[in-house]
Amino acid sequence: MLVYPSGIDLSSRALQHLSGLLAGHRRRIGSRWRRLTCGRQALLVLAHLRCGDTYARLAAGFRVGVATVYRYIREAVDLLAALAPTLEQAMQTVRKKAYVILDGTVLPIDRVAADQPYYSGKKKHHGMNVQVLADPAGRLIWASDALPGAVHDPTAARTHGIPAGLAADDIKCWADKAYQGAGPAVRVPFRGKNLRGWRRRHNRDHTKIRSLGERAMATLKCWRLLRKLRCSTTRITAVVRAVVALELTT
């Protein structure tokens with residue numbers, strides 16, 4: 001396999017942060033020697049998450065085995081995932097905001113037609129449903145665990161306890177039409193194509209507020225691994241949480 005130099009569109013802070021985590025972890029477990037230094041392992045993991053590089057390509061580029069790449073990535077992802085905020089911790093941040101924006105996305109996965117629970121009828125592909133909270137400027141605050149793509153957004157939101165948490169703290173929340181019936185704390189636009197008068201103005205103003213939440217989705221999708229996940233579905237939650245931790249701490 002041919003190897004060539006490349007770049008990652010991340011700041012050095014992400015590399016330094018992850019390198020520090022790995023160095024501390026190696027000291028705790030008493031790891032004496034490895035093929036790659038903490039800095040090189042961190043670079044490998046960032047290349048996988050940000051650029052979506054496969055294990056085989058990373059193994060060739062860093063001159064290690066595919067199994068080593070797998071172990072390095074799994075180790076770093078678990079360390080990062082542990083730093084991602086829980087919903088309770090995110091609510092502490094949300095309380096300081098004027099309101100919050102709720103949105104959901106279905107991350108594509110490579111599954112066959114037989115895997116019906118992962119097929120999203122709305123998106124017409126297999127995937128995992130992830131709910132996201134953003135602040136009024138569209139900055140990412142929190143991302144949920146991943147559920148099968150067949151789960152609808154209101155059901156996913158209730159499963160994670162989002163409407164109940166918002167209602168308990170009397171937090172205003174804006175969401176799209178898909179969240180009809182999610183709960184009294186979640187504000188949604190009126191349904192219908194031929195709305196007139198104040199209902200039409202209400203929907204227009206609602207869209208202006210809610211659309212800023214797309215920035216949080218774009219932030220997640222900038223990590224190219226999330227555009228097409230080929231790992232086990234049991235690992236997708238850890239990957240999403242690792243990405244969130246990197247976004248919030250670097």
Side-chain angles (χ1 to χ4, degrees), residues 1-4 6-10 14-15 18 41-62 64-81 84 103-134 138 140 142-153 156 160 176 178 213-248 250:
M1 185 179 293
L2 297 176
V3 179
Y4 66 95
S6 185
I8 306 174
D9 55 340
L10 289 172
L15 181 64
L18 183 51
Q41 181 182 354
L43 186 62
L44 182 152
V45 173
L46 291 176
H48 176 66
L49 294 175
R50 189 70 172 185
C51 304
D53 289 339
T54 63
Y55 292 165
R57 292 179 62 181
L58 292 169
F62 286 84
V64 295
V66 173
T68 301
V69 171
Y70 170 81
R71 290 195 302 270
Y72 279 172
I73 290 175
R74 187 182 182 96
E75 178 183 55
V77 165
D78 287 343
L79 288 173
L80 289 168
D103 202 358
T105 186
V106 178
L107 303 176
I109 59 174
D110 59 341
R111 287 296 182 272
V112 297
D115 296 315
Q116 194 64 27
Y118 299 100
Y119 185 78
S120 170
K122 178 181 178 180
K123 298 295 184 180
K124 307 301 181 184
H125 62 69
H126 292 79
M128 299 293 285
N129 184 301
V130 174
Q131 301 294 301
V132 172
L133 290 177
L140 180 66
W142 174 82
S144 72
D145 294 347
L147 296 176
V151 178
H152 297 290
D153 284 338
H160 298 304
D176 60 27
E214 296 296 334
R215 294 181 181 178
M217 289 300 179
T219 298
L220 284 180
K221 298 296 179 65
C222 282
W223 298 82
R224 296 174 186 85
L225 183 66
L226 298 182
R227 298 178 187 177
K228 185 66 173 181
L229 288 154
R230 295 177 173 84
C231 60
S232 169
T233 54
T234 60
R235 293 292 301 167
I236 292 177
T237 291
V239 171
V240 172
R241 289 177 64 85
V243 168
V244 172
L246 284 169
E247 283 290 342
L248 296 180
T250 59

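Position 1 is the first residue of the sequence, and the numbers go up from there. Just so you know, these numbers use all the heavy atoms, side chains as well, and skip hydrogens, waters and symmetry mates. From a predicted model like this one, the values you see are computed outputs, not experimental measurements.
We find the CG-CG distance between Leu107 and Leu225 to be 9.5 Å, quoted to the nearest 0.5 Å. Arg57 contributes atom CZ, which lies 8.5 Å from atom SG of Cys51 (distance to the nearest 0.5 angstrom). The CH2 atom of Trp223 sits 4.5 Å away from atom CG of Leu246, with the distance rounded to the nearest 0.5 Å. Between Glu214 atom CD and Thr219 atom OG1 the span is 11.0 Å, to the nearest 0.5 Å. Separation of atoms OH (Tyr118) and CG (Leu147) is listed at 10.0 Å; rounding is to 0.5 Å. With rounding to the nearest 0.5 angstrom, the NE2 atom of His48 is 7.5 Å from the CG atom of Leu58.
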Would Gln41 and Phe62 count as a side-chain contact (heavy atoms from CB on, under 4.5 Å) here? Give the steps.
CA-CA 9 Å; Gln41 181 182 354; Phe62 286 84; over 6 Å; no

Test Asp103 against Met217 for side-chain contact (heavy atoms from CB on, under 4.5 Å), laying out the working first.
CA-CA 8 Å; Asp103 202 358; Met217 289 300 179; 3.8 Å; yes

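Nearest heavy atom pair, residue Leu44 against residue Ile73, reads CD2-CG1, 3.6 Å. Taking each heavy atom of Val130 and Ala143 in turn, the nearest pair found is CG1-CB, 4.2 Å. The two atoms that bring Ser144 and Val240 nearest to each other are O-CG1, 4.3 Å, heavy atoms only. Closest non-hydrogen pair, Leu18 versus Ala76, comes out as CD1-CB, 4.3 Å. Leu220 and Leu226 make their closest contact through O-CD1, 3.5 Å (heavy atoms, listed as atom of the first residue, atom of the second, distance). The shortest non-hydrogen separation linking Ala245 to Leu80 is CB-O, 3.2 Å.
Listed by chain and residue number, nothing satisfies the side-chain hydrogen bond (donor to acceptor under 3.5 Å, both in side chains) test with Ser120 (two or more places apart in sequence, or in another chain). With sequence neighbours excluded, the residues that form a side chain to side chain contact (heavy atoms under 4.5 Å, CB included) with Ala81 are Ala238, Arg241.
Classification of Arg50 and Asp9 as a salt-bridged pair holds, one side-chain N sitting under 4.0 Å from a carboxylate O.
Between His126 and Tyr119, the ring-plane angle classifies as perpendicular under the 30° and 60° cut-offs.
Other residues, nucleotides and ligands contribute more than 12 heavy atoms inside 6.0 Å of the NE2 atom of His160.
Arg235 is listed as a side-chain neighbour of Val77, based on a closest heavy-atom distance under 4.5 Å. Residues Val106 and Lys122 fail the side-chain proximity criterion, which asks for heavy atoms closer than 4.5 Å. With contacts defined as side-chain heavy-atom distances shorter than 4.5 Å, the pair Thr105/Lys221 qualifies.
No option in Thr250, Leu49, Leu46, Leu15 other than Leu46 meets the side chain to side chain contact (heavy atoms under 4.5 Å, CB included) test with Leu10.
Checking side-chain atoms of Asn129 against main-chain N and O of Val151 turns up a donor-acceptor pair under 3.5 Å.
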